[in-house]
Amino acid sequence: MAERIRLAMAGCGGMAGAHLSGYQDIKKRGLDFFDIVSVCDPVLERAEGFAKRIAEFQPDRKVTLYASLDEMLDEEDLHCVDTSSPHHLHHVIACACMEAGVDVMVEKPLGVTIRAARKMIETAGRTGQILATAEQVRRWIGPRVVQWAVANEAMSGRSRMFFAQSSRGPEGMPVEAEEKNKVWRHEKLKGGGGAVIDGMVHYADFLIYCYGEPETVSATCGQLNRSYTLDENGQRQPMDWPETLISHIRFKSGVAGTWTWTGAAPGKAISFTIHYGDLGSVYAEGNYPMKPEFHQRDKTCISHEELLEQYLASLSEEKLAALFPPELYPEPRELTGDHGVPLEVYDFLCAVRDRRRPELDGMDGLIAQALSEACLESSELGRSVSYDEVLSGEVRAYQHEIDEAYGL
Ligand SMILES: NC(=O)c1ccc[n+]([C@@H]2O[C@H](COP(=O)([O-])OP(=O)(O)OC[C@H]3O[C@@H](n4cnc5c(N)ncnc54)[C@H](O)[C@@H]3O)[C@@H](O)[C@H]2O)c1
């Protein structure tokens, strides 16, 4: 595409602000092949705040503000939209964009349910528009190193099992109940399944990145903090917002592991991931494996720095440039902090410009989402579920109510 890319942003909330910083980063590095032409949010002050930020790094092109997506799609001649809206609007916004001939990148989880996600994928297939899933975690260099080490039989041998644990909080609250300001993500019909489908879908994507498609899932999801909100009469209303996941997952490759993620663990917080193979283990502390190291059978340890060097040396020039475009990040060794979001928005812009597939398209988004949904479905049904019966939409006991609410 020879023209400058005309991009709009739909939803100007918290995560969209990180995307905006990503676009700013790209321009700051002299990669000036796109314009943010409009922003849209029903809360106009948020759109105004974005317009002010954009004016600072894009002084030559004024941004038009909209409170309605439909009006923006009618008025503007757009190539693409980057949307970070509440989950229950992902399919509404993405399908409207694609029907209007506009490519779209949607924040994770792809849809509020499997049916919502499938509707988006069907629309992308029919219209020929690009549907990208915004997923930054696997794009960080630490998770890239882990995936390489797990897949590298010369280093790890054959994969055996994994354990992923993130337990933290809560702090400063009565033990019996936690009061929360009710926001959309705390409502089942808008959030789709609490933290299990919100933050945890990042990790679902990462596990699938390492091990391929899951086979069976057995999980317990719950609201252990007993959080509540106050209704208009000041009465406590319980929140239907699982913040805890305890799961056992078996992958089609035969690898099995446990994945636990909770914000309801008072006292001692602990977070780590470890992936065992015949020849050793890749270990990292933290919710996400940002600084992995490799422990060999003889108990010697390949430090994070050395592992990173080995990883970078293993990449062909072409692969290195695809994962860490040198025009954006000339020195991958120095990557710290959030390079995932700039990489993801840059990948989207390049996919739109070059008419190519983004690294994570709609199907990738659905595949990751289906693991989170499988955890919710297993917990709802009180039995182990097969990943395929959830991915296909055959099992949707938990999601049924949400599908009904949106006519899906
Ligand atoms: N990748 C990450 O690490 C990450 C982190 C946080 C959130 N997210 C994702 O980003 C999305 C938004 O989450 P958030 O935390 O920014 O929420 P938020 O509530 O801060 O922002 C959502 C914004 O969407 C706007 N909005 C509502 N209806 C709209 C419509 N019809 N058209 C356009 N805009 C509309 C809201 O007014 C609000 O400004 C979610 O999908 C969430 O999963 C991703």
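All ligand and atom numbering here is 1-based and tracks the order in the structure. What you see below is based on every heavy atom in this structure, not just the backbone, and it leaves out hydrogens, waters and symmetry mates.
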| query | What atoms of ligand 1 come closer than 4.0 angstrom to any heavy atom of C12? | reply | 39 (O)

| query | Between the side chains of T262 and T244, is a donor N or O closer than 3.5 angstrom to an acceptor N or O? | reply | yes

| Interfacing atoms of ligand 1 (cut-off 4.0 Å, heavy-atom, W184) | 13 (O), 17 (O), 18 (P), 19 (O), 40 (C)

| said: Against ligand 1, does V43 come closer than 4.0 Å with any heavy atom? | reply: yes

| query | So, for Y23 and F34, is the gap between ring centers shorter than 6.0 Å? | reply | yes

| task | Identify, for atom 15 (O) of ligand 1, the protein heavy atom at the shortest distance, and state residue, atom and that distance. | result | R185 NH1, 3.0 Å

| request: Could you list which atoms of ligand 1 come closer than 4.0 Å to a heavy atom of H202? | output: 1 (N), 2 (C), 3 (O)

| query | Which heavy atom of L343 sits nearest a heavy atom of L323, and at what distance? | reply | CD2-O, 3.7 Å

| request: Please step through side-chain contact (heavy atoms from CB on, under 4.5 Å) for the pair S378 and R383, ending with a clear verdict. | output: CA-CA 5 Å; S378 167; R383 67 164 170 87; over 6 Å; no

| Between W261, Y209, F206, which is the residue that forms a ring pair (Phe, Tyr, Trp, His ring centres under 6.0 Å) with Y288? | W261

| said: If we check ring pair (Phe, Tyr, Trp, His ring centres under 6.0 Å) with H275, which of these qualifies: Y283, Y211, F163, F294? | reply: Y211

| message | Give me the residue, atom name and distance of the protein heavy atom closest to atom 41 (O) of ligand 1. | response | H90 NE2, 2.8 Å

| query | Quick one: nearest non-hydrogen protein atom to atom 33 (C) of ligand 1, plus distance? | reply | G11 N, 3.6 Å

| task | Output the list of atoms in ligand 1 that are nearer than 4.0 Å to some heavy atom of R46, sorted by atom number. | result | 36 (C), 37 (O), 38 (C), 39 (O)

| note | So the atoms of ligand 1 within less than 4.0 Å of a heavy atom of I93 turn out to be 30 (C), 32 (N)

| request: Heavy-atom distances under 4.0 Å are what count here, so tell me which part of Q136 touches ligand 1: side chain, backbone, both or neither. | output: side chain

| said: Would M15 count as a polar contact of ligand 1, with the cut-off being nitrogen or oxygen pairs under 3.5 Å? | reply: yes

| remark: re atom 22 (C) of ligand 1, the protein heavy-atom contact at minimum distance is S84 O, 3.6 Å

| message | Donor-acceptor check, side chain of D41 to backbone of C12, threshold 3.5 angstrom: yes or no? | response | yes

| request: Is it possible for you to check whether K27 lies under 6.0 Å from the centre of the six-membered ring of F33, through NZ or CZ, and within 45° of that ring's axis? | output: no

| message | Using only atom types and a distance under 3.5 Å, with no angle test, would you say the side chain of S379 pairs donor to acceptor with the backbone of C221? | response | yes

| query | What pair of heavy atoms forms the shortest contact from A116 to V112, and how long is it? | reply | CB-N, 3.8 Å

| remark: If we number the atoms of ligand 1 from 1 as shown, the ones under 4.0 Å from a heavy atom of S85 are 11 (C), 12 (C), 24 (O), 40 (C), 41 (O)

| query | What atoms of ligand 1 come closer than 4.0 angstrom to any heavy atom of D198? | reply | 43 (O)

| message | For the 3.5 Å polar cut-off, considering only N or O atoms, please tell me whether G14 and ligand 1 meet it. | response | yes

| said: My understanding is that only one of K108, R138, R357 makes a salt bridge (charged side-chain N to carboxylate O under 4.0 Å, His left out) with D364; could you say which? | reply: R357

| task | Have a look at G13, A16, P86, P42 and point out the one with the heavy atom closest to atom 24 (O) of ligand 1. | result | P86

| field | Per-residue contact class, L89 against ligand 1 - non-hydrogen pairs under 4.0 Å | value | side chain

| note | atom 37 (O) of ligand 1 sits nearest the protein heavy atom D41 OD1, 2.6 Å

